[in-house]
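One is the number of the first residue; the rest follow in order along the sequence. Atoms within a ligand are numbered from 1 in the order they appear, just like the ligands themselves.
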Amino acid sequence: MKKVKLISAMLVAMLMAFMVVGCSNDSAGGESGSGEKSSGGGKKSGGKVNVGIVLPTKDETRWVQDEARFKDALKDSDYSTEILFSQGSSAKEKENVETLISKGIDVLIIAPHDGAAAGAAAEAAKKDKITVIAYDRLITETDAVDYYVTFDSVAVGEAQGQYLVDNAGDGKGIPLYLYGGAVSDNNAFLFFEGAWKVLQPKIADGTFVIANSSEAEAFKDKAELSRDEMGKILGQITTSWNANEAKNKAQTHLTAASKDKKGDVLVLAPNDDTSRAIADVFASDPDVSKYVITGQDAEKASIQYIIDGKQSMTVFKDVRTLVADAMGIAVDILDGKTPETTGSYDNGSKEVPAKQTDVIVVEQENVKSELIDSGYYEESDFSGL
Ligand code: BGC
């Protein structure tokens, strides 16, 4: 198997040597990205694109970050690239992949909208001998994924859960509100798995009381949940990664909550977009005296919320590293080298070789050291820092 791969990689490399000559990266120009197509065009001669990048949607702030970081990283690339957005539709995603296939890509980097539904798009690419790299979100139930670059998503959930435990204050019966990501996203399960691992013992011993999920309540004595069990809970507490849905759910929950479920409360919010929406609802309830709320992605708007004391923490996932890892694998493939990986993920169909990056908890006191001093953001992007 390995030999076959190596030989085909060498053939690809030889082929590339012909095709890449004189090829420049059109997406490096920093086009502002109107509509779904954010950059690219590939090299001028014949529209050949080396690496196709498909991101889920511009409606979730996370992926706009990734687009910008890809553009930064691609400025000096020898290879041509094109970034397309799927706008939360698996059909659009498949169409995007087909468009990129028709432009001759050799490597596809794809963050799927729906991890299972994206199998069809990955299989279409594989049929054309394209190397498929799942980016941040795993594509599940298919053999057609070659590599996976990701953050340690279970650690993201653990960090969120641990933050709530560490900042809960004293006493028993502290109300805990749980929110999750989209059930179509494999990561939503990993985040929840990590959070549950840390929170469950505190729920089981009565330190925390679940305030908004009968499904989670039903499993409160179970340390490890199956995917089906997590699916039941997530089905109830999902935000679909959508700020409006998060806000509406939080409003419904607080309207229904009795006074003993208010006061000082804890909120597991899955990411920054949803955290800010949920935080606003909790902040405006006169019966909520204090809330501790999680997030992830270190989005600019959430960093400002953290500085202002409106969001408690975020989990910083340095997208620069993920982009570098994805492009590193892509370039290795194009250069005929075998990419290095650090582990693997079971996608239900195969063990996908993976490269994983650690995450960092950011709260008020380390915003500056983690995000400004590292050059991730400019100090002038924020007020009151
Ligand atoms: C990503 C998160 C992101 C969420 C919503 C997840 O798959 O890992 O960083 O906040 O999707 O876009």
Problem set entry | R276/D280 ion pair, N-O < 4.0 Å | no
Exercise. R62 and salt bridge (Lys or Arg N to Asp or Glu O under 4.0 Å): which partner among D273, D185, D272, D136?
Worked result: D136
For this session: Measure the shortest side-chain to side-chain distance between L164 and L176 over non-hydrogen atoms and say whether it is less than 4.5 angstrom.
Result: yes
Exercise. Would E340 and K355 pass as an ion pair if we require N to O under 4.0 Å?
Worked result: no
Exercise. Listing by chain and number, which residues have a heavy atom under 4.0 Å from ligand 1?
Worked result: E60, R62, W63, D136, R137, D185, N187, F191, W241, N271, Q296, D297, K317
Problem set entry | Presence of salt bridge, K222 and E229, under 4.0 angstrom | yes
For this session: Run through F282, Y291, F208 and flag the one making a ring pair (Phe, Tyr, Trp, His ring centres under 6.0 Å) with Y177.
Result: F282
